[in-house]
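This structure is a prediction, so every number in the text was calculated from the model and none was measured. Below, chains carry the letters A, B, ... as their sequence lines are ordered, and counting in each starts from 1.
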Amino acid sequence: MIGILSAATTCEPTKCIELPANIAFGIGAVFMIYSAIRMVTTKNIVHAALYLIMVLAGVGMNFLLLQAEFVAVTQFLVYIGAIVVLFLFGIMLTKAPMGISDDLDNLKQRPYAIATALLVLVTLSYALIVSFTDTRVKLASPNSVAAVSDSIFGQYLIPFEVTSVLLLAALIGAIVLARKD
Amino acid sequence: MLLNQFLLLAAVLFAIGVYGVIVRRNGVLVLMSIELILNAVNINLVAFGSMHNVSGQVFALFVIAVAAAEVGVGLAIVLLIYRNRRSIDFDELDELKG
C-alpha cells in the first residue's frame, strides 16, 4: 500500500495512472472471465442474463480504462439499459423454464464446442503475442468526446446516416415479424 | 498498460462466446453468446483505436448500433419460432435437413 502511494506521488504524470489502472484491469478481467464462463455454463436462463450484465459492465470498465468515455456511457445505456431488458422480455415471452433446467445445453456438441473455442483462443493468442509483444497503449487526451463527435459528423457522416436507415429497417422488421395476424 | 492485455482479454471472451453459440440449444442464450462475441470485438476496436485516432471508438459505436438492431430482429425471429413450434430449441429446427 505504501509502495503504491509513494509510486503515485513520485512518478511522472503519464505513468501515474499505470499501476492503479493495471490493478483495476486485472480485477475486472478476472471478474469478466468468470462471469462469461458462468454465462455459457449456467443452467438457469435468468442467471445467464444477469451474468451477461456483469460481462457488459466489465467491458464498459475497459472502455473507461482506454479513455473512451463516450463509448463506455453508450455501452452502459444501450447494452445494460436496453439490450438486457430486451433479453429478459425474450426469456419471459418464450416461457423459458424459471429455475434450473437441464436441457439448455447440447451435450453431444460439447466436445466439439470446447475444441473450437480452444482452437480460436490459441490461434488468436498466438497471433497477438507474436505481433504485439511490447506494444503499449498510447492514450490520447482525456477529453476525446469532441474528437469522437467531429469524426462521426465529419469523416463518418454517411455511415452514420445509413445506420439510422438500418435501425428503421430493424424496427419495421421486428414489428412485422412479431405481430400477431 | 500493454496493448496485449486488452487484446488477450477480448480473445478469451470471443472464445467463450463461440463455445456458447455452439453448445447452447435455447435461442435466447445463443443470441446472448453472440452479444459476448460482439463485445469482444468492441474491446479490440477501442484498444486498437487508442493507438491511432478516434476512428476505433466510432467503429465501436457503429457495432453497438448494429448489435441493437440485430438483437431486435433476432428476438422477433425467436419469438416467431416459439409461436409456431412451442419451443425455441434450435436442435429441433431440422426441417431443412435432407
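Proximity to chain A involves both the backbone and the side chain of B/Leu7, based on heavy atoms less than 4.5 angstrom apart. Heavy atoms of A/Ser35 lying under 4.5 Å from chain B are absent altogether. Contacts of B/Asn53 with chain A are absent, with no heavy-atom separation under 4.5 Å from either backbone or side chain. For B/Leu75, the part sitting under 4.5 Å from any heavy atom of chain A is the side chain, from C-beta outward, and nothing else. Interface remark: B/Phe59 contributes side-chain atoms only to the contact with chain A (heavy atom separation under 4.5 Å). Both the backbone and the side chain of A/Val71 come within contact range of chain B, judged by heavy atoms closer than 4.5 Å. With a threshold of 4.5 angstrom between heavy atoms, B/Ile43 approaches chain A through its backbone and through its side chain. With a threshold of 4.5 angstrom between heavy atoms, B/Val18 approaches chain A through side-chain atoms but not through N, CA, C or O. Using a 4.5 Å cut-off between heavy atoms, A/Leu121 touches chain B through backbone and side chain atoms alike. Both the backbone and the side chain of B/Ile77 come within less than 4.5 Å of a heavy atom of chain A. At a 4.5 Å heavy-atom cutoff, A/Ser131 makes no contact with chain B through either its backbone or its side chain. Both the backbone and the side chain of B/Leu31 come within less than 4.5 Å of a heavy atom in chain A. Neither the backbone nor the side chain of B/Val21 comes within contact range of chain A, judged by heavy atoms closer than 4.5 Å. Proximity to chain A (any heavy atom under 4.5 Å) is restricted, for B/Asp91, to the side chain, taken from C-beta onward. Contacts between A/Ala68 and chain B at a heavy-atom distance below 4.5 Å involve backbone atoms as well as side-chain atoms. Within the 4.5 angstrom heavy-atom criterion, atoms from both the backbone and the side chain of A/Val148 approach chain B.
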Mind running side-chain contact (heavy atoms from CB on, under 4.5 Å) on B/Asn42 and B/Ile64 for me, showing each step along the way? CA-CA 8 Å; B/Asn42 272 348; B/Ile64 291 175; 3.5 Å; yes
Kindly determine whether A/Gln75 and B/Asn39 satisfy side-chain contact (heavy atoms from CB on, under 4.5 Å), including the steps that lead there. CA-CA 9 Å; A/Gln75 168 90 8; B/Asn39 269 281; 2.9 Å; yes
Give the C-alpha distance, both sets of side-chain angles, the deciding distance and a yes or no for side-chain contact (heavy atoms from CB on, under 4.5 Å) between A/Ile45 and B/Arg24. CA-CA 11 Å; A/Ile45 189 165; B/Arg24 288 300 204 183; over 6 Å; no
Could you walk me through whether B/Glu35 and A/Phe87 satisfy the side-chain contact (heavy atoms from CB on, under 4.5 Å) test, starting with their C-alpha distance in whole Å, then the side-chain angles of each, then the deciding distance to 0.1 Å, before giving a yes or no? CA-CA 11 Å; B/Glu35 290 307 310; A/Phe87 275 125; 3.6 Å; yes
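Considering all non-hydrogen atoms of both residues, B/Ile22 and A/Gln109 come closest at O-OE1, 2.7 Å.
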Name the atoms and distances for all side-chain donor-acceptor pairs under 3.5 Å in residues 152-178 of chain A, with sequence neighbours left out.
from     : atom 1 : to       : atom 2 : distance (Å)
A/Tyr156 : OH     : B/Ser55  : OG     : 3.0
A/Thr163 : OG1    : A/Pro159 : O      : 2.7
A/Ser164 : OG     : A/Glu161 : O      : 2.4

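Comparing B/Leu61, B/Ile81, B/Val73 by heavy-atom pairs within less than 4.5 Å of chain A, the highest count is held by B/Leu61. Ranked by non-hydrogen atom pairs under 4.5 Å with chain B, the options A/Gly26, A/Gly90, A/Ala36 are led by A/Ala36. Chosen from A/Ile114, A/Leu124, A/Thr94, the residue pairing most often with chain B at heavy-atom distances under 4.5 Å is A/Thr94. For chain B, the option among A/Leu118, A/Thr41, A/Val55, A/Thr116 with the highest count of heavy-atom pairs below 4.5 Å is A/Thr41. In terms of non-hydrogen atom pairs under 4.5 Å with chain B, the most contact-rich of A/Leu56, A/Asp134, A/Leu93 is A/Leu93.
Remark: the A/Arg110 side chain and the B/Tyr19 side chain contain an N/O donor-acceptor pair separated by less than 3.5 Å.
For the side-chain contact (heavy atoms from CB on, under 4.5 Å) test, residues two or more places apart in sequence or in another chain that qualify with A/Phe25 are A/Ala29, A/Asn62, A/Leu65, B/Gln5, B/Phe6, B/Leu9.
Checking side-chain atoms of A/Ser149 against main-chain N and O of A/Ala146 turns up a donor-acceptor pair under 3.5 Å. With A/Asp105 contributing its side chain and A/Leu107 its backbone, the two residues share no donor-acceptor pair below 3.5 Å.
Taking the six-membered ring for Trp and the full ring otherwise, the centers of A/Phe132 and B/Phe48 sit less than 6.0 Å from each other.
The cationic atom of B/Arg85 (NZ for Lys, CZ for Arg) does not lie both less than 6.0 Å from the six-membered ring centre of B/Tyr82 and within 45° of the ring axis.
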